[in-house]
Amino acid sequence: MAAATAVEAADLRSGWLTGIAHVVSPNADARPAGAVASLLVIHNISLPPGRFGTGDVARLFTNTLDPQADPFYPAIAGVRVSAHFLIARSGDVTQFVPTEQRAWHAGVSSFEGRERCNDFSIGIELEGTDELPFTDAQYAALAGLCKRLLACHPIDALAGHSDIAPGRKTDPGPCFDWQRLRDALALPPAFFPFQPTPAGPV
């Protein structure tokens with residue numbers, strides 16, 4: 001328990017989680033005064049769309065993506081985005097923005113009447129698409145990451161990008177297994193306000 005407490009203290013003190021890869025994104029800024037991370041937002045991303053392991057998501061988050069490297073890329077040239085974390089198909093986790101800062105992941109968004117979700121959320125990107133299942137390794141890494149963040153921050157809800165930006169975003173998509181995450185975290189239903197509570201035995 002003492003070792004875990006020391007790790008949690010280090011995570012909170014620096015905003016950079018220990019034991020994972022760090023790549024600094026310039027696409028971040030300070031949270032508003034008094035704002036704390038209370039929401040986890042789950043996304044999916046792949047670059048080029050539908051292709052994995054290219055390294056181009058990291059290049060997007062660090063403003064080093066070559067717009068000529070794929071026919072899709074001119075459409076996103078100049079876009080400045082980031083997330084706090086990216087979980088690859090292998091389950092490897094990379095952090096791009098310290099958790100006490102605001103990553104630019106949610107865009108125009110609202111959670112329970114509160115606008116600008118970037119101000120009070122932590123963004124987690126899963127390498128994937130709306131059409132393909134995520135990997136066992138990703139679910140394991142996501143559960144472990146969420147547990148660490150729950151220990152360090154006053155998180156009281158988890159949501160998908162589509163939940164906070166309905167009609168504009170669709171990720172993490174219908175292939176994301178919310179029940180699997182709920183079971184792994186063993187959190188009360190209130191932490192998943194957009195997910196229906198499973199019916200109990202009749």
Side-chain angles (χ1 to χ4, degrees), residues 25 27-29 31-32 35-47 49-50 57 60-61 76 79-89 93 95-97 99-135 138-200:
S25 171
N27 303 328
D29 57 4
R31 297 187 189 275
V36 296
S38 58
L39 173 68
L40 296 182
V41 180
I42 312 299
H43 306 253
N44 76 47
I45 191 170
S46 59
L47 287 175
V57 175
L60 176 69
F61 289 171
I76 58 173
V79 171
R80 298 292 180 258
V81 295
S82 62
H84 291 90
F85 301 95
L86 171 68
I87 302 178
R89 303 293 285 182
V93 181
Q95 183 173 3
F96 292 88
V97 176
T99 55
E100 82 273 9
Q101 287 193 326
R102 178 170 57 184
W104 302 347
H105 63 98
V108 178
S109 52
S110 175
F111 176 72
E112 296 186 340
R114 189 177 178 187
E115 306 291 326
R116 297 171 58 90
C117 292
N118 283 342
D119 292 350
F120 56 93
S121 68
I122 291 174
I124 303 173
E125 293 274 7
L126 297 173
E127 187 179 32
T129 71
D130 287 6
E131 296 79 24
L132 293 174
F134 298 93
T135 69
Q138 285 180 301
Y139 282 109
L142 176 61
L145 176 60
C146 288
K147 289 175 182 177
R148 291 183 69 174
L149 295 173
L150 285 159
C152 296
H153 299 278
I155 305 296
D156 56 19
L158 293 83
H161 199 186
S162 58
D163 297 319
I164 63 170
R168 188 176 69 84
K169 293 295 181 178
T170 59
D171 56 313
C175 291
F176 183 73
D177 191 343
W178 281 102
Q179 187 59 51
R180 183 170 179 172
L181 181 61
R182 287 174 59 155
D183 291 345
L185 298 179
L187 293 171
F191 276 79
F192 299 88
F194 296 98
Q195 304 306 314
T197 301

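In this chain, residues are counted from 1 in sequence order. These values consider heavy atoms only, across backbone and side chains, with no hydrogens, waters or symmetry-generated copies.
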So does [Y] get a backbone contact from the side chain of [X], meaning a donor-acceptor N/O pair under 3.5 Å?
| X | Y | answer |
| --- | --- | --- |
| Tyr139 | Ala184 | no |
| Arg182 | Phe192 | no |
| Ser82 | Trp104 | yes |
| His84 | Gly123 | yes |
| Arg31 | Ser121 | yes |

Kindly give the heavy-atom pair with the smallest separation between [X] and [Y], and that separation in Å.
| X | Y | value |
| --- | --- | --- |
| Gln138 | Ile87 | NE2-O, 3.1 Å |
| Thr129 | Leu132 | OG1-N, 3.3 Å |
| Asn118 | Gly107 | ND2-N, 3.8 Å |
| Gln101 | Ala28 | OE1-CB, 3.9 Å |
| Pro193 | Glu112 | CB-OE2, 4.0 Å |

Gap between atom [atom2] of [Y] and atom [atom1] of [X] - 0.5 Å precision:
| X | Y | atom1 | atom2 | answer |
| --- | --- | --- | --- | --- |
| His105 | Asn27 | NE2 | CG | 12.5 Å |
| Leu185 | Arg180 | CG | CZ | 12.0 Å |
| Ser46 | Glu127 | OG | CD | 7.5 Å |
| Phe85 | Leu145 | CZ | CG | 5.0 Å |
| Leu40 | Phe191 | CG | CZ | 9.5 Å |
| Ile42 | Leu142 | CD1 | CG | 5.0 Å |

Hey, what's the ring geometry for Phe134 with Phe176, parallel, tilted or perpendicular (30° and 60° as the breaks)? perpendicular
Is any side-chain heavy atom of Ile45 closer than 4.5 Å to a side-chain heavy atom of Leu86? yes
Compare all side-chain heavy atoms of Arg168 with those of Val108 and state whether any distance is below 4.5 angstrom. yes
Salt bridge check, Arg102 against Asp29: does any charged N sit closer than 4.0 Å to a carboxylate O? yes
Could you tabulate the donor-acceptor pairs under 3.5 Å formed by side-chain atoms of residues 155-165, not counting sequence neighbours?
from: His161; atom 1: ND1; to: His43; atom 2: ND1; distance (Å): 3.1
from: His161; atom 1: ND1; to: Asp171; atom 2: OD1; distance (Å): 3.2
from: His161; atom 1: ND1; to: Asp171; atom 2: OD2; distance (Å): 3.4
from: His161; atom 1: NE2; to: Ala106; atom 2: O; distance (Å): 3.1
from: Ser162; atom 1: OG; to: Asp171; atom 2: O; distance (Å): 3.4
from: Asp163; atom 1: OD2; to: Gly160; atom 2: N; distance (Å): 2.8

Tell me, yes or no, whether the heavy-atom count around Arg116 atom CZ, taken from other residues, nucleotides or ligands under 6.0 Å, exceeds 12. no
Criterion side-chain contact (heavy atoms from CB on, under 4.5 Å) on Phe120 and Val36, from CA distance to verdict: CA-CA 5 Å; Phe120 56 93; Val36 296; over 6 Å; no
